[in-house]
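Just so it is clear: chains get the letters A, B, ... in the order the sequence lines come, proteins before strands, and each one is counted from 1. Any value given below was found using the heavy atoms of this structure, including those in side chains, with hydrogens, waters and symmetry copies removed.
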Amino acid sequence: MSDNTVLIRNLSDHESSEVRLLGWIEKRRSSGKIGFLEVRDGSGTVQAVISRAKVDEATWQAVQDVTQESTVAVVGTVAADARAPSGFELHATSVTILSLTEDYPITPKDHGTAFLMEHRHLWLRSSRQRAILRVRSEVSHAIRDFYSERDFVLIDSPILTPAACEGTSTLFATDYFGEPAFLSQSGQLYLEPAAAAFGKVYCFGPTFRAEKSKTRRHLTEFWMVEPEVAFLEFPGLCDLAEEFITYLVARVLDRCAEPLKRLERDQSKLESVQGPFPRMRYREAITTLADHGKILEFGDDFGAEEETILANLHDRPLMITHYPAKAKAFYMQPDAEDEDLALALDVIAPEGYGEIVGGSQRVHDHELLLRRIKQHDLPEKAFQWYLDVRKYGSFPHSGFGMGLERFVAWMTGIPHLRESIPYPRMLHKIYP
RNA sequence: UCCUCGGUAGCUCAAUGGUAGAGCGUUCGGCUGUUAACCGAAAUGUUGGGGGUUCAAGUCCCUCUCGAGGAGCCA
């Protein structure tokens, strides 16, 4: 390997010197005596210019023969040029085809969603997909940084779990040495015991839901980050969610300028995501919806349409709290002032991206939790270990979950979740 | 799971019940500054599968299948 191989991203540091690039051909244009190759190496894209008069016959022939997505080595001099989108191009002296590609399926023009999804492994190479996945990567790092900076301990919750927590219809079942087992749909229950060990904990990993959902807001496999904090009560939970979201948005704005530009994301929409977020109780939301012609009864949950009406009233995430207890999960702490309400929080992203955070203060009273488990017809025995958290040194605690893909879709402004994860898993879709 | 709309060349799409088309891509030729390059030429079809109506079906009917959009549910 030649030691003057550089990354395209760093070309500006090598103006006027000879360098070598290793990468793939995105596009080729050629006339009788001059050729242009757009080369991508993962760090960026640059145009190599080849003058027939200045190169040997083998290089000129390579420029004629090379095809889209062939692998090449290009040697040349870095030159500033006002015509180049990046400000630089490469005056090539040698082009070598390392691997010739034939009939690359994704051509420069239009393609339908179904076709692109069938070729997801190749679609990843496109500039748009690269931009989205760079944002995802940055958000992932920011999530870990946020909790790490605040002394949270990372607890990796298990993927394989025994008996169901909230009904088996939304769980993927598998066989575990003759015993039924299920892919985890949340790490929360495993996080609560860890909160007694470390105080502040979080998990961040894939979760699985066998919901037969066929919408732009659903995947069957998605990543969720869930903090869980001992002695944190409901108002503090809302503050944590707000601080977390503003941190992530600021980080994306700070470090993802290039991908956001490529995606033509309206960054002013993200810049307005500053605390404090509007907070609205469920009853207030019902009233507001009635003003907009949507009549809901106490206890009804919001549909996509209701969510959008409420979210569009604000230019930043909307926090809806104090939901009817019966519409929410068994482990949510009732409001001391109104037992029919749960200390539950949903955060609705603006611009129609829907619910990105769901959380609550947890029931910490042993008797109450036991009663709830029975009311929901859940197998008490399977929850013995979970009840132990209340049996041995109980403590008030709260936590929430945030879906990574929905957050990334919001940041990047893409219409469908399927592009926010490298290999989306959706209803009846598991290839490639 | 339900509702709606689709499946025609490698891709994106046209085609009154009456000879199967275009653009892009590909191949060949031309061009010294292209940026979805441009100009000229050529090749490319079991119209998703099965059944039916008709003198005649890509087109109408039934069925299966695959896909897209939406709903419910959720992050």
Side-chain angles (χ1 to χ4, degrees), chain A residues 26-38 45-54 60 63-65 67-69 79 81-86 89 91 101-119 122-123 126-127 166-167 169-171 185-188 204 206-226 241 300-308 327-329 345-349 353-359 400-410 415-418 420-421 426-429 431:
Chain A
E26 292 215 315
K27 227 161 283 171
R28 179 178 74 91
R29 289 179 287 275
S30 168
S31 61
K33 290 172 183 165
I34 189 165
F36 305 95
L37 299 177
E38 275 181 37
T45 303
V46 73
Q47 175 169 271
V49 184
I50 303 95
S51 294
R52 184 173 195 173
K54 295 180 186 169
W60 185 250
V63 172
Q64 302 311 301
D65 294 344
T67 53
Q68 189 191 358
E69 292 304 324
D81 194 303
R83 288 166 291 195
S86 67
E89 58 184 25
H91 292 164
T101 288
E102 283 181 56
D103 300 323
Y104 186 69
I106 303 181
T107 56
K109 275 235 178 166
D110 305 329
H111 296 287
T113 303
F115 177 80
L116 290 170
M117 288 298 297
E118 281 290 303
H119 297 84
L122 303 177
W123 193 20
S126 77
S127 66
E166 296 167 56
S169 65
T170 62
L171 292 168
Q185 59 174 356
S186 161
Q188 181 204 320
F204 183 27
T207 52
F208 307 86
R209 305 223 175 147
E211 290 161 5
K212 306 234 168 164
S213 303
K214 186 175 159 45
T215 84
R216 66 181 71 188
R217 295 211 285 247
H218 288 87
L219 298 168
T220 54
E221 176 180 323
F222 66 97
W223 280 59
M224 189 154 66
V225 52
E226 298 170 90
D300 292 348
D301 216 339
F302 306 130
E305 204 183 336
E306 288 81 9
E307 229 173 63
T308 305
K328 289 286 175 182
L345 161 74
D346 280 358
V347 180
I348 317 290
Y353 284 94
E355 187 183 334
I356 50 169
V357 163
F400 62 78
M402 188 188 82
L404 176 64
E405 288 75 17
R406 284 190 185 175
F407 187 86
V408 170
W410 172 36
H416 199 299
L417 236 49
R418 66 183 156 223
S420 67
I421 184 168
M426 297 179 295
L427 184 61
H428 303 137
K429 218 160 188 21
Y431 177 91

A:T113 or A:F36, whichever maps to the more 5' nucleotide of RNA chain B |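 By nearest-heavy-atom nucleotide position, the 5'-most residue is A:F36.
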So which one's nearest nucleotide on RNA chain B is more toward 5', A:E306 or A:A53?
-> A:A53
May I have the distance from A:H218 (atom NE2) to B:rC74 (atom C1'), rounded to whole angstrom?
-> 4 Å
Atom [atom1], compared across [N] and [M]: separation rounded to whole Å:
| N | M | atom1 | answer |
| --- | --- | --- | --- |
| B:rU19 | B:rC31 | C1' | 39 Å |
| B:rA14 | B:rC73 | C1' | 40 Å |
| B:rC64 | B:rU26 | C1' | 35 Å |
| B:rG52 | B:rG58 | P | 15 Å |
| B:rG21 | B:rC62 | C1' | 30 Å |
| B:rU59 | B:rA20 | C1' | 13 Å |
| B:rU44 | B:rC28 | C1' | 15 Å |
| B:rG50 | B:rA57 | C1' | 15 Å |

What is the base-pairing partner of B:rU1, counting Watson-Crick and G-U wobble geometry with both distances under 3.5 Å?
-> B:rA71
Can you tell me whether the side chain of [X] and the base of [N] have a donor-acceptor pair closer than 3.5 Å?
| X | N | answer |
| --- | --- | --- |
| A:E89 | B:rG33 | yes |
| A:R406 | B:rC74 | yes |
| A:H428 | B:rC66 | no |
| A:H111 | B:rC11 | no |
| A:S213 | B:rC74 | no |

Say you draw a straight line from CD1 of A:I34 to CD1 of A:I50; how long is it, rounded to the nearest 0.5 Å?
->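 So the gap between those two atoms works out to 8.5 Å.
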From [options], pick the nucleotide closest to the side chain of [X]?
| X | options | result |
| --- | --- | --- |
| A:D301 | B:rA37, B:rC74, B:rG72 | B:rC74 |
| A:E211 | B:rU32, B:rC73, B:rC11 | B:rC73 |
| A:R209 | B:rA71, B:rG33, B:rA75 | B:rA75 |
| A:K429 | B:rA68, B:rC11, B:rU34 | B:rA68 |
| A:F115 | B:rU12, B:rA68, B:rA37 | B:rU12 |
| A:E307 | B:rU32, B:rU12, B:rC74 | B:rC74 |
| A:K212 | B:rA36, B:rU1, B:rU35 | B:rU1 |
| A:D81 | B:rC74, B:rG33, B:rA75 | B:rG33 |
| A:T107 | B:rG10, B:rU35, B:rG69 | B:rG10 |

Donor-acceptor contact present, side-chain [X] to main-chain [Y], <3.5 Å:
| X | Y | value |
| --- | --- | --- |
| A:E226 | A:G187 | yes |
| A:T207 | A:F222 | yes |
| A:E306 | A:G303 | yes |

Under 4.0 angstrom between A:R29 side-chain N/O and B:rA37 OP1 or OP2 = yes
Considering only NZ, NE, NH1 and NH2 on the basic side and carboxylate oxygens on the acidic side, decide whether A:R217 and A:E405 come within less than 4.0 Å.
-> no
Pair A:E38 + A:R29, salt bridge at N-O below 4.0 Å |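 Yes, this pair counts.
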Give me the ring orientation class for A:F407 and A:W410: parallel if the planes are under 30° apart, tilted from 30 to 60°, perpendicular past 60°.
-> perpendicular
Stacking here means centres under 5.5 Å and planes under 30°; does A:F222 stack on B:rA75?
->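 So yes, this residue stacks on that base, both cut-offs being met.
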